[in-house]
Amino acid sequence: MIVVTGATGSVGRALVALLPRDEVLAVVRRPADLDCPHAPGDFERPESIAAHLSPGDRLFLNSSLWPGVADAHRAVIDLAREAGVAQVVTVSVRHARPGGRLGQDPHGRIDEHLRASGLPHAILRPGGFMQNLLTEVRDGRFHGSYGAARVNYVDIRDVAGAAAALLTRPIGPSATYPLTGPEAFTHDEIAAAITAATGRPVAYADLPVPAMTAHLTAQGMPEDVAAQLAVMMREMETEDWASATTAVEDLTGRPPRSLADFLADHAHAFDA
Ligand SMILES: NC(=O)c1ccc[n+]([C@@H]2O[C@H](COP(=O)([O-])OP(=O)(O)OC[C@H]3O[C@@H](n4cnc5c(N)ncnc54)[C@H](OP(=O)(O)O)[C@@H]3O)[C@@H](O)[C@H]2O)c1
């Protein structure tokens with residue numbers, strides 16, 4: 001059985017759509033509109049996830065960024081090993097490391113724990129999701145502190161495709177896969193691409209870090225998170241968020257979707 005956590009989320013939904021229906025069990029924390037078998041389980045009670053694990057199962061370990069995520073995922077890894085799980089595939093983030101910014105820290109700690117567990121595993125480390133752009137563009141504008149940094153975004157469908165390949169093919173050596181799209185763009189270039197795809201003018205507004213922090217806080221983000229996110233955007237000018245890897249194509253046999261592919265499929269979904 002392929003046990004999928006986070007199945008109601010962006011990556012999880014795209015993943016279960018790619019897996020053989022009779023081999024999947026999604027574990028969900030509340031009633032879900034999923035077109036595959038599912039059962040209740042909540043990371044806040046790791047044993048409620050582990051209750052669905054049997055010897056030889058393959059586990060997709062994934063939720064979101066919440067305060068207890070590192071402890072919960074590490075507990076589920078330990079319980080998965082006790083249950084005789086054959087493989088864990090998890091979604092991390094590019095440049096994950098303990099002590100890193102925002103999600104990089106918990107993902108880094110989870111990844112270290114998984115590597116030390118002795119369980120066969122695959123760690124997927126995507127850059128930012130192209131789908132984020134759908135919610136960031138409002139009234140013909142989106143904001144950031146990226147400056148002139150070139151940033152490589154990846155399509156969630158390719159993250160799911162990589163996970164599906166790893167969960168369905170014979171289990172290979174454990175490895176970490178940085179997942180990217182085929183190319184990187186500045187945010188001015190991304191705005192121009194959205195404008196061309198939607199036929200409506202979209203502009204990118206680059207803000208100094210304090211102004212971006214205030215912008216995110218005004219949208220309801222806690223101030224400490226907003227400040228870290230704005231700094232992380234600015235750091236993309238010096239940390240490598242631009243380079244492309246071959247991991248998506250290596251795993252799925254198809255080149256990763258380009259920004260143009262994503263925009264062609266989602267032009268209708270941008271806020272008018
Ligand atoms: N967004 C990006 O650009 C980006 C880039 C790189 C990496 N990532 C990483 O990608 C991963 C997946 O992201 P995503 O966009 O698919 O997340 P998402 O859409 O927010 O989905 C999160 C999923 O986890 C479930 N979940 C959350 N807390 C849970 C709990 N306590 N118990 C059980 N299930 C729980 C949610 O269930 P409910 O439906 O019940 O809430 C949902 O199914 C995250 O770890 C994120 O850090 C994101």
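When a ligand or atom number is given, it counts from 1 through the structure's own listing order. Fair warning: this is a prediction, and the values are worked out from it, not measured in the lab.
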Suppose we screen for side-chain hydrogen bond (donor to acceptor under 3.5 Å, both in side chains). Which residues come up paired with Arg141, at least two apart in sequence or across chains? none
Considering non-hydrogen atoms of the protein only, which is the closest contact for [atom], and what is the distance?
| atom | answer |
| --- | --- |
| atom 20 (O) of ligand 1 | Ser64 CB, 3.7 Å |
| atom 21 (O) of ligand 1 | Gly9 CA, 3.2 Å |
| atom 1 (N) of ligand 1 | Phe129 CD1, 3.3 Å |
| atom 15 (O) of ligand 1 | Ser10 OG, 3.4 Å |

Test side chain to side chain donor-acceptor pair (under 3.5 Å), reference Arg125, set Asp111, Thr180, Thr176, output is Asp111
Please indicate whether any nitrogen or oxygen in Gly6 is less than 3.5 Å from any nitrogen or oxygen in ligand 1. yes
Given Leu65, Leu102, Leu124, Asn62, which has its nearest heavy atom closest to atom 11 (C) of ligand 1? Asn62
Does Ala72 have a non-hydrogen atom less than 4.0 Å from ligand 1? no
Strictly distance-based, threshold 3.5 Å: is any side-chain N or O of Glu249 a donor or acceptor partner for the main-chain N or O of Thr246? no
One thing to verify: whether Arg254 and Asp158 come together as a salt bridge, which I'm taking to mean a side-chain N less than 4.0 angstrom from a carboxylate O. no
Check: His73/Ser63 side-chain N/O donor and acceptor closer than 3.5 Å: yes
